[in-house]
There are 2 protein chains.
Amino acid sequence: MAEQQQQRRPAPALTPERVVVAAAAVADRAGLHGVSMRSVGRELGVEAMSLYHHVAGKESLLDLLADWLMAQIDPPPADGDWRAGLHARAHSSRAALGAHPWGLSLLESRRTPGLSLLAGHDAVLAALRAGGFSVRLAAHAFSVLDAYVYGFVGTEQQLPFEPGDGADAMIQEMDESLTRFPALAELAAELVTGKDYAYGDEFEWGLELVLDGLAARLADERAASAPDSR
Amino acid sequence: MAEQQQQRRPAPALTPERVVVAAAAVADRAGLHGVSMRSVGRELGVEAMSLYHHVAGKESLLDLLADWLMAQIDPPPADGDWRAGLHARAHSSRAALGAHPWGLSLLESRRTPGLSLLAGHDAVLAALRAGGFSVRLAAHAFSVLDAYVYGFVGTEQQLPFEPGDGADAMIQEMDESLTRFPALAELAAELVTGKDYAYGDEFEWGLELVLDGLAARLADERAASAPDSR
DNA sequence: ACCTGAACACCGTTCAAGT
DNA sequence: ACCTGAACACCGTTCAAGT
């Protein structure tokens, strides 16, 4: 049983990038839990110890993986208006984190921001400044938007509402508790009868609420700094 | 060297509660990463294998730990108005998650909600309903508030802005990138000169924005359903 | 320069054995 | 009933050795 890889493909040289992409593939398949130096090595047809010649160690590999993920998120277009730009950026963030369910936990575990994250932050701040936000107000706006988007994805991924995914078990457990939790029971009843409900739709509702709030604060700020306001 | 514990204290019997509290103590000291069956056993003066008589395994222990954490969060008072109740609940959530920095990652990793989480959700929904929100609007409100609070804590904990904690390294890295990221540079300059800035203050600003937005939606809903509206 | 085998100090968990 | 030692199949990482 000769190894096919030996003669047919010279196996492209290992690079940090190839290691990161392999780690992402393993994570997509087996979760963040399944990413080990040994499993990533196996993905590349190489021993775990070889990886240490291209990444400093597992923590460093995870830093690179987090940066790879941030690079999947589109920046807001530089020329559009701030609201459309942030709206698009929010949906792109949710899409990237939805495509890689291990992403949020990974980002949360990193302590030092990568270049892609800094670049994304810079682009969002630039969009706000171009839209007329003061530096201080842009900082506020950035914070509330970022918190909302990441928080929504986190709560969304916790729900076992993907069909068959465990919703039955949850509903059964909740059935047992319905009398103890009447407000939840009321909600469950309404959402089950009103068939058009999908939790994912809440994203847009809350995003519009936040963007409306930012537009109002921006209008306040402009009114306060206008010459005729005093 | 006789073991003091043998004769002096009979060592209270192990219970699931004692195991969970020991796990929380280990996590507070060594992070979620430091919680192992062996380390929790050591905390209790017992071998790791003994724990299996009280919890089903590590995953089950983590489920119990997550529920213990949710129990630390105060429910909104049942009699106050909705806005004050949700405001207090939001601050209590942030305080609990701030006191146990491992909490958010842990909650994110759990797939089945515990009783404390369900009870908390129920109390928040009840406060909204008592405040006049329709079931559907209460679901929207719950979602956006929850997302904001959890998301803010997550981004807040990622910042290395605790004094000395690594802020120097970050600022140095960013110094290097300032020309590449002019909007970040502008922000950093303003926030450093304006010494009164603290990222933690953003929490209240964003919370008020969300609560204002909810109040406006509630007013809209009431106007739409009022008899004189048609 | 790049890859690797053996080794070390860890994991979660099973199981048979102790009391 | 509760606790435990040994064992198994894993981890991340070091190091000396190979090419």
Side-chain angles (χ1 to χ4, degrees), chain A residues 2-27 29-66 102 105-106 109-111, chain B residues 2-27 29-66 102 105-106 109-111:
Chain A
E3 271 301 345
Q4 69 187 90
Q5 203 163 337
Q6 251 174 359
Q7 288 291 27
R8 307 222 302 139
R9 283 193 258 140
L14 246 44
T15 62
E17 290 71 29
R18 286 193 67 221
V19 175
V20 171
V21 170
V26 173
R29 192 190 320 125
L32 204 53
H33 202 78
V35 177
S36 70
M37 298 303 274
R38 285 167 169 92
S39 67
V40 173
R42 196 154 44 234
E43 179 81 11
L44 291 162
V46 108
E47 296 299 317
M49 300 74 198
S50 306
L51 305 180
Y52 286 86
H53 293 277
H54 302 96
V55 299
K58 181 159 189 201
E59 283 303 300
S60 168
L61 172 56
L62 294 180
D63 282 340
L64 294 171
L65 185 59
W102 42 269
S105 302
L106 175 63
S109 71
R110 300 300 94 196
R111 306 247 60 155
Chain B
E3 268 303 346
Q4 71 186 89
Q5 202 163 340
Q6 249 174 4
Q7 288 291 28
R8 306 223 303 140
R9 282 194 256 138
L14 246 45
T15 62
E17 289 71 30
R18 286 193 68 221
V19 175
V20 171
V21 170
V26 172
R29 193 191 319 124
L32 204 54
H33 202 78
V35 176
S36 71
M37 298 303 274
R38 284 168 169 91
S39 66
V40 173
R42 197 155 43 236
E43 179 81 13
L44 291 162
V46 108
E47 297 298 318
M49 300 73 197
S50 306
L51 304 180
Y52 285 85
H53 292 277
H54 303 95
V55 299
K58 181 160 188 200
E59 284 302 300
S60 167
L61 172 55
L62 293 181
D63 282 339
L64 295 171
L65 185 57
W102 43 268
S105 302
L106 175 63
S109 71
R110 301 299 94 196
R111 306 246 59 153

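- When the P atom of C/dC8 is taken as reference, atom CE of A/M37 falls 21 Å away, rounded to whole Å.
- Atom CE of B/M37 and atom OG of B/S50 lie 10.0 Å apart (nearest 0.5 Å).
- With contacts defined as side-chain heavy-atom distances shorter than 4.5 Å, the pair B/W102/B/H33 does not qualify.
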Please list, for nucleotides 2-7 of chain C, all pairs of protein and nucleotide N/O atoms separated by less than 3.5 Å.
residue: C/dC3; atom: N4; partner: A/H53; partner atom: NE2; Å: 3.1
residue: C/dT4; atom: OP2; partner: A/E47; partner atom: N; Å: 2.9
residue: C/dT4; atom: OP2; partner: A/S50; partner atom: OG; Å: 2.7

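- OP1 or OP2 of C/dT13 sits under 4.0 Å from a side-chain N or O of B/Y52.
- Between A/V40 and A/A22 the shortest heavy-atom distance is CG1-CB, 4.1 Å.
- We find the OG-CG distance between B/S36 and B/L61 to be 10.0 Å, quoted to the nearest 0.5 Å.
- Smallest separation of non-hydrogen atoms from B/L51 and B/G41: CD1-N, 3.8 Å.
- Remark: B/M49 CE to B/R38 CZ distance equals 5.0 Å, nearest 0.5 Å.
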### Task
Go through A/R110 and A/E59 one step at a time and tell me if the salt bridge (charged side-chain N to carboxylate O under 4.0 Å, His left out) criterion holds.
CA-CA 9 Å; A/R110 300 300 94 196; A/E59 283 303 300; 3.2 Å; yes
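- The structure places CG of B/D63 at 8.0 Å from OG of B/S109, a figure rounded to the nearest 0.5 Å.
- Here CD of A/E43 is found 4.5 Å from CZ of A/R29. Values are rounded to the nearest 0.5 Å.
- Base-pairing analysis of DNA chain D finds the following stems of at least three consecutive Watson-Crick or G-U pairs, with both pairing distances under 3.5 Å: C:4-8 with D:12-16, C:12-16 with D:4-8.
- Only at 4.0 angstrom or more do the heavy atoms of residues 56-63 of chain A sit from any atom of DNA chain C, so none qualifies.
- A donor-acceptor contact shorter than 3.5 Å links the side chain of A/S39 to the backbone of A/G34.
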